[in-house]
Amino acid sequence: MIEVKDIHKKFGQNNVLKGIDLTIDTNGIFAVLGPNGSGKTTLIKSILGMVLPDKGNILIDGRSIKNDWEYRNNIDYLPQIANFPGNLSVNELINMIKDLRSYKKADDQRLIELFRLEPFLNKKLSNLSGGTKQKVNLVLTFMFDSPLIILDEPTTGLDPIAHIRLKQLINEEKAKGKTVLITSHIMSFVEEISDQIVFILEGKIYFKGTISELKSMTNESDFEHAIASILTASYA
């Protein structure tokens with residue numbers, strides 16, 4: 001379980017998070033949504049320990065993450081943009097990450113086959129397309145068996161087949177009892193995969209619940225229109 005308690009964060013004069021309170025239960029797929037600049041990335045990076053809040057606390061399984069780094073051993077994270085060393089081959093990168101996390105068993109071969117990466121293993125990362133790099137990114141994320149998975153825009157650059165396999169993979173992880181946090185601008189993907197959504201607007205939680213509950217609240221039958229309704233009201 002993730003508990004976010006009264007989190008505040010400013011960058012200069014920009015007040016990004018304004019007292020976020022949020023509980024995310026164990027086991028399920030949760031989408032964190034919001035327009036650009038809403039604070040969702042700052043919230044995710046606060047959970048990861050990449051951003052230090054000015055006020056408040058974050059607990060994972062009842063344990064505060066303050067002054068603690070070991071909790072990250074139980075998180076698998078896919079960044080939105082993976083800046084891989086271009087001079088390494090795909091195989092070299094995978095083996096390097098396996099060495100860094102040698103305390104965990106890696107299930108890389110199954111994922112390499114799932115995303116059809118065999119022809120690219122000996123190619124330099126600088127020579128790969130954006131979509132192929134994203135598949136490598138997914139292998140690095142899912143090859144360790146961690147209870148919490150955080151995916152920042154995981155569908156970026158993926159072809160339709162890889163997209164289907166990603167959804168399959170996420171559902172398999174959920175079936176193992178894991179918690180999956182996702183940010184995405186692809187509403188069809190969010191609607192298909194998510195158990196609950198958290199919508200952040202101007203640094204505050206505007207909504208937390210199921211998509212059907214959001215549709216009911218906004219009197220919209222379509223998910224994208226429900227999201228648009230929130231944004232239209234906020235900018236009015």
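These numbers come from the heavy atoms of this one structure, side chains and all, not from hydrogens, waters or symmetry mates. Keep in mind it's a predicted model, so treat the numbers as computed, not measured.
- Residues Leu148 and Asn74 fail the side-chain proximity criterion, which asks for heavy atoms closer than 4.5 Å.
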Pairs of donor and acceptor atoms involving the side chains of residues 182-189, under 3.5 Å and at least two apart or interchain, shall be tabulated with distances.
residue: Thr183; atom: OG1; partner: Asp152; partner atom: OD1; Å: 2.5
residue: Thr183; atom: OG1; partner: Glu153; partner atom: N; Å: 3.2
residue: Ser184; atom: OG; partner: Ile186; partner atom: N; Å: 3.0
residue: His185; atom: ND1; partner: Glu153; partner atom: OE2; Å: 2.6
residue: His185; atom: NE2; partner: Asn36; partner atom: OD1; Å: 3.4

Margin query: The test is salt bridge (charged side-chain N to carboxylate O under 4.0 Å, His left out); show your working for Glu220 and Lys215 and say whether it passes.
Written below: CA-CA 5 Å; Glu220 295 283 357; Lys215 290 177 181 177; over 6 Å; no

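- Within a 6.0 Å sphere centred on CG of Leu100, other residues, nucleotides and ligands contribute more than 12 heavy atoms.
- Every residue meeting the side chain to side chain donor-acceptor pair (under 3.5 Å) condition with Lys104, not counting sequence neighbours, appears here in chain and number order: Ser146.
- Note on residues 78-91: no pairs pass salt bridge (charged side-chain N to carboxylate O under 4.0 Å, His left out), not counting sequence neighbours.
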Review item, side-chain donor-acceptor pairs of residues 116-126, under 3.5 Å, at least two apart:
residue: Arg116; atom: NH1; partner: Glu113; partner atom: O; Å: 2.6
residue: Lys124; atom: NZ; partner: Asn87; partner atom: O; Å: 2.9
residue: Ser126; atom: OG; partner: Gly86; partner atom: O; Å: 3.2

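- With a 4.5 Å cut-off on side-chain heavy atoms, Phe144 and Ile75 do not count as touching.
- Checked against salt bridge (charged side-chain N to carboxylate O under 4.0 Å, His left out), Asp222 has no partners two or more places apart in sequence or in another chain.
- Ile230 and Leu43 sit in two unconnected hydrophobic clusters of ILVMFWY residues. Membership requires side-chain heavy atoms under 4.5 Å apart, directly or through other members.
- Between Asp76 and Ile150, the closest side-chain pair of non-hydrogen atoms is not below 4.5 Å.
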What pairs of donor and acceptor atoms, side-chain ones from residues 13-28 against any protein atom, are under 3.5 angstrom apart with sequence neighbours left out?
residue: Lys18; atom: NZ; partner: Glu202; partner atom: O; Å: 3.3
residue: Asp21; atom: OD1; partner: Asp6; partner atom: N; Å: 2.8
residue: Thr26; atom: OG1; partner: Met1; partner atom: N; Å: 2.9

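- Note that Lys204 lies outside the cation-pi zone of Tyr206, set by a 6.0 Å cut-off to the ring centre and a 45° limit from the axis.
- In this structure the side chain of Phe84 reaches within 4.5 angstrom of the side chain of Val136, judged on heavy atoms.
- Scanning all heavy atoms of the two residues, the minimum distance from Gly49 to Tyr71 falls at N-OH, 3.1 Å.
- At a cut-off of 3.5 Å, with distance as the only test, a side-chain donor of Thr132 or Ser129 sits close to an acceptor on the other residue.
- At a threshold of 4.5 Å between side-chain heavy atoms, the hydrophobic network of Ile, Leu, Val, Met, Phe, Trp and Tyr places Phe30 and Ile7 in one connected group.
- Val32 and Ile200 make their closest contact through CG1-CD1, 3.9 Å (heavy atoms, listed as atom of the first residue, atom of the second, distance).
- Within the structure, every pair that satisfies the salt bridge (charged side-chain N to carboxylate O under 4.0 Å, His left out) test and touches residues 80-99, not counting sequence neighbours, is listed here: Lys98-Asp108.
- Applying the side chain to side chain donor-acceptor pair (under 3.5 Å) test to Arg72 and every residue at least two apart in sequence or in another chain returns nothing.
- The two residues Thr218 and Ser229 come nearest to each other via the heavy atoms CB-OG, 4.1 Å.
- Remark: Lys133 engages no residue in a side chain to side chain donor-acceptor pair (under 3.5 Å) (not counting sequence neighbours).
- Contact of the Ile58 side chain with the Glu3 side chain is not registered, since no non-hydrogen atoms from C-beta on lie closer than 4.5 Å.
- Applying side chain to side chain contact (heavy atoms under 4.5 Å, CB included) to Glu191 and the options Ile197, Ile227, Ile211 leaves one that passes, Ile211.
- For the pair Phe142 and Leu151, the minimum side-chain heavy-atom distance is below 4.5 Å.
- Salt-bridge formation is detected for the pair Lys9/Asp54: a Lys NZ or Arg NE/NH1/NH2 atom is positioned less than 4.0 Å from an Asp or Glu carboxylate oxygen.
- Distance alone, capped at 3.5 Å, is enough to place a donor-acceptor pair between the Ser46 side chain and the Thr42 backbone.
- Hydrophobic clustering, with ILVMFWY side chains joined whenever heavy atoms are under 4.5 angstrom apart, groups Leu138 together with Leu140.
- Listed for the Thr232 side chain is a donor-acceptor partner under 3.5 Å among the backbone atoms of Ala228.
- Every residue meeting the side chain to side chain donor-acceptor pair (under 3.5 Å) condition with Lys167, not counting sequence neighbours, appears here in chain and number order: Glu192.
- Take Lys208 and apply the salt bridge (charged side-chain N to carboxylate O under 4.0 Å, His left out) test, not counting sequence neighbours, and it matches no residue.
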**Request:** Walk me through it: do Arg63 and Asp68 pass the test salt bridge (charged side-chain N to carboxylate O under 4.0 Å, His left out)?
**Result:** CA-CA 9 Å; Arg63 177 179 172 182; Asp68 181 17; 3.2 Å; yes

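- The main-chain N or O of Asn73 is found under 3.5 Å from a side-chain atom of Arg101 such that the two form a donor-acceptor pair.
- Considering all non-hydrogen atoms of both residues, Leu93 and Pro85 come closest at CD1-CD, 4.4 Å.
- Evaluation of the side-chain contact (heavy atoms from CB on, under 4.5 Å) rule for Arg110 yields Asp107, Leu169, Glu172 as partners, not counting sequence neighbours.
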inquiry  = side chain to side chain contact (heavy atoms under 4.5 Å, CB included) for Ile2 and Asp61? Distances and angles first, verdict last.
reply    = CA-CA 6 Å; Ile2 302 170; Asp61 294 333; over 6 Å; no

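- In terms of modelled atom types and a separation under 3.5 Å, the side chain of Arg165 and the main chain of Phe115 share no donor-acceptor contact.
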